[in-house]
Amino acid sequence: MAQQESVVDRIDALRQAIADHNHHYYVLDAPIVSDAQYDRLMVELQALEQAHPDLITPDSPTQRVGAAPLAAFGSVRHAVPMLSLGNAFEADEVSAFDRRVQETLRGAGMLAADEQVVYQAEYKFDGLAISVRYENGRLVQAATRGDGQTGEDVTSNIRTLRSLPLTLRGDFPDVLEVRGEVLMTRADFEQLNQKQLERGEKIFVNPRNAAAGSLRQLDPRITASRPLRFYAYGWGQMTRRTRTDDQHTAVLDWFETLGLPVSPRRERVIGIDGLLDFYDRTGSLRDELPFEIDGVVYKVNSLAAQDVLGFVARAPRFALAHKYPAQEETTRLLGIEVQVGRTGAITPVARLEPVFVGGVTVTNATLHNEDEIRRKDVRIGDTVIVRRAGDVIPEVVGPVLDLRPDDAACFVMPLSCPVCGSAIERPEDEAIARCSGGLFCAAQRKQTLLHAVSRKALDIDGLGEKLIDQLVDSERVKSLADLFSLTLDELSRYERMGKKSAENLVAALQKARHPALDRLLYALGIRHVGETTARALAQYFGSLEAVIKADEDTLLGVPDVGPIVARSIVRFFSEPHNLDVLNALQQTGVQAQAVQPSDNKNTLALSGKTVVLTGTLPVWTRDDARRHILAAGGKVSGSVSRKTSYVVAGDQAGSKLARAHDLGVPVLDEAGLKDLLGFSED
DNA sequence: GATCCTCGAGTTCC
DNA sequence: CTCGAGGATC
């Protein structure tokens, strides 16, 4: 008997401890035991319950994953309807909302003439709205929003969320319907997808879909394995309010004392200025939050005032959702075309039904390569999710499988180049397919020319895609050298070429006849020779002739040149066609400026240092900063590593700054960089 | 041989 | 910016 007693006590103690640890881990975000210790408690409890099945209760933590899979979700009628919120995108819509609230409250004598309304401002999570019902402190039911009146019964799935207590603590009311959002953090989402990938299961396109998919599992064991969180922001039926206060914020504070995870940021703000300020501050934090939000929500903080304001149709008049421009939208994938790049790389491009996302209308997006299309499983005719996040370049995230039409077609890589008809080849171990036509292919010739005249190469202004198209199509220009024999008169005959434009172009060509050696080398478009390698070659050899004469062994002596790059260079200069072009260039008076192979390297301020730039600097552009660093003997790199000497961070610095902190790399601002470079400040 | 780091190449819209 | 792949390093 006594032994039985102690088993009961032990089981109680274990359950209490596990609930406590869940609370610390998920709600307070401050775990007090290790995962291993937690697991040991759980294992002990399971063992005891197995030995004494009669002691198992439904709110034991072992019973989070309860019964067998469901055949279908039942439906639940909400005791108090789950409403949607009015939406605003623009500041003047928010002003109008605030004005209406003021008028109503003044009319009811609840707001003095010169008084501002007090609001609670909070995140609008991008997840799923859920209502969780507690009776006598026990979790008895959970439902989705559904149509607002009736939702789906997801009780057994919601019970598996460890952040949600199965029993409330403290001074709880008899009946409490907690309203909140189920979501997945970005980090958990990434991890889940990683796991799905390893197991060969389908990956989710974004945290929201992952959360929705996880919650809509008929087998709660699957839901239990998914890292879902819950944040409370409101309530439905509630038999008693806090006795102390009559404020929205106070009710949520009270929820916290009941052990419920409450929306982590809720500020009291005053008047329209407070609202818009919160919107702006949150907007600049948005990309760094651990979860995704699609806006913020404002609620009149006084509950008495909320009652007075009441409801219109299906939305409360006391609350408003202020949304950020969508970073993701869905649209239709009309087709997949291929582009031919300078090196012959065949890039599939998605043609999209125009869609407004992230502030611009997107019609095209790269799909990178065949593997990428397969990995994302996008098909022509699919409804796809398009994202245009912090970075500028739109991206097809993935298909909405539920909306896939029966006739959706897979992309097939063409066998021959759409421009020149040459075979398209893809080496076994490479991701990229290439047109084998070389410079026989007009697309490759055009891209090669565009590359040669680009800003970082010969920097010839006034030679855009349109003109190059015409020059190449008319066969007037077959190689880089032909550009330099263009005359004012013949240029004027091309479309959209006025006299002034033609003069400008001829002047730009004249200026480009004496490029720095590294620019010329880069302009030639030798495979594997980019800006950095071109500079290294120029430094090492000093003249174009020396580079042409160099054999593979000599080239291997150049920093950052290995066998593949060396072979590529030798091959380029042994190609008769390329030598012809170089001769022709010389004929038209193009002569690279010789470079002094430098040896004063170690005397400069930034010799041997690697600097990474991130964010927007207050005065200099990125390119200014780059040039100054190079001039001081430093290198500029794109990614932060342990070898990075400094990170120069400007406004809106992102992941690189975080990584710098992680690795203990010194961080400078623009002024710090200028100090280092010996610029005087004034 | 593995791992880390850096470079090259391709990309969208206005 | 992001990938893929070449080069350097241990």
Side-chain angles (χ1 to χ4, degrees), chain A residues 287 327 331 337-352 354-373 375-376 386-397 426-435 443-444 446-448 450-452 454 456-457 464-465 518 521-537 552 555-569 609-616 622 626 634-645 652-656 659 663 665:
Chain A
D287 286 338
Q327 292 180 325
T331 188
E337 289 168 22
V338 296
Q339 283 181 354
V340 186
R342 169 167 68 91
T343 63
I346 302 288
T347 311
V349 180
R351 300 285 174 226
L352 304 164
V355 60
F356 192 74
V357 52
V360 298
T361 305
V362 173
T363 50
N364 299 320
T366 177
L367 290 166
H368 297 111
N369 58 54
E370 247 179 315
D371 293 348
E372 182 85 359
I373 296 176
R375 192 157 53 230
K376 287 180 175 163
V386 177
R387 172 163 53 203
R388 192 170 175 279
D391 49 336
V392 192
I393 295 174
E395 175 194 16
V396 173
V397 183
R426 178 174 167 193
E428 275 295 322
D429 48 355
E430 283 182 24
I432 292 169
R434 296 197 137 85
C435 160
Q444 295 191 46
K446 288 176 186 171
Q447 293 297 318
T448 305
L450 275 172
H451 173 254
S454 68
K456 290 173 175 177
E465 204 176 327
D518 54 347
L521 282 169
Y522 176 65
L524 293 176
I526 306 165
R527 273 256 250 154
H528 299 121
V529 177
E531 248 188 305
T532 312
T533 311
R535 200 174 312 120
L537 290 169
E552 275 189 47
L555 286 162
L556 287 174
V558 181
D560 293 331
V561 173
I564 293 184
V565 178
R567 205 168 308 136
S568 169
I569 296 168
K609 305 285 189 200
T610 304
V611 183
V612 173
L613 302 167
T614 179
T616 315
R622 242 168 215 255
R626 206 182 110 252
K635 288 217 298 178
V636 177
S637 167
S639 57
V640 182
S641 71
R642 244 160 302 159
K643 292 188 179 167
T644 308
S645 319
Q652 303 238 315
S655 58
K656 290 186 216 170
R659 192 162 156 73
L663 296 174
V665 173

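Chain naming here is simple, since letters A, B, ... match the order of the sequence lines and numbering starts at 1 in each.
- In terms of phosphate contacts, A:Thr343 brings no side-chain nitrogen or oxygen within less than 4.0 Å of OP1 or OP2 of B:dG8.
- An OP1 or OP2 oxygen of B:dT11 is reached within less than 4.0 angstrom by a side-chain nitrogen or oxygen of A:Gln339.
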Assign a letter to each nucleotide of nucleotides 3-10 of chain C from its 5' end: B, base within under 4.0 Å of a protein heavy atom; S, sugar-phosphate only; -, no contact. --SSSS--
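- One atom, CZ of A:Arg434, and another, P of B:dG8, lie 15 Å apart when rounded to the nearest Å.
- Listed pair A:Thr347 / B:dT11 meets the phosphate criterion, a side-chain N or O lying under 4.0 Å from OP1 or OP2.
- In this structure, the side chain of A:Thr448 engages the main chain of A:Gln444 through a donor-acceptor pair within 3.5 Å.
- Rounded to whole Å, the distance from CZ on A:Arg351 to P on B:dT12 is 8 Å.
- Comparing A:Asn364 and A:Val529 along DNA chain B, the residue whose closest nucleotide (by nearest heavy atom) sits nearer the 5' end is A:Val529.
- When side chains are defined from C-beta on, A:Leu352 counts as touching A:Val362, because their heavy atoms get closer than 4.5 Å.
- By the salt bridge (Lys or Arg N to Asp or Glu O under 4.0 Å) test, A:Glu465 is found to be paired with no residue, residues two or more places apart in sequence or in another chain being considered.
- What separates CD of A:Glu337 from P of B:dT12 is a distance of 12 Å, to the nearest Å.
- Within the 3.5 Å criterion, the main-chain N or O of A:Glu531 finds no donor-acceptor partner in the side chain of A:Lys456.
- Distances shown here put every side-chain N or O of A:Thr532 at or beyond 4.0 Å from the OP1 or OP2 atom of B:dT6.
- The listed nucleotides are B:dC5, B:dG8, B:dT11; the one nearest the side chain of A:Arg642 is B:dC5.
- Here the side chain of A:Thr363 is nearest to one of B:dT6, B:dG10, B:dC13, namely B:dC13.
- Regarding A:Glu531, its CD atom lies at a distance of 11 Å from the P atom of B:dA9, rounded to whole Å.
- When rounded to the nearest whole Å, the span between CG of A:Leu352 and P of B:dT12 equals 10 Å.
- Neither OP1 nor OP2 of B:dT12 sits under 4.0 Å from any side-chain N or O of A:Thr366.
- The backbone N or O of A:Thr610 lies less than 3.5 Å from a partner atom in the side chain of A:Ser645, making a donor-acceptor pair.
- To the nearest angstrom, P of C:dC1 lies 11 Å from CG of A:Leu613.
- A donor and an acceptor atom, one from each side chain of A:Thr343 and A:Arg527, are nowhere located under 3.5 Å apart.
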If you apply the rule salt bridge (charged side-chain N to carboxylate O under 4.0 Å, His left out), what do you find for A:Arg426 with A:Asp371, and how did you get there? CA-CA 12 Å; A:Arg426 178 174 167 193; A:Asp371 293 348; 3.1 Å; yes
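- Remark: P of B:dC14 and CD of A:Glu465 are 15 Å apart, rounded to the nearest angstrom.
- The NZ-C1' distance, from A:Lys456 to B:dG8, rounds to 11 Å in whole Å.
- The phosphate of B:dG8 has neither OP1 nor OP2 within less than 4.0 Å of any side-chain N or O from A:Arg527.
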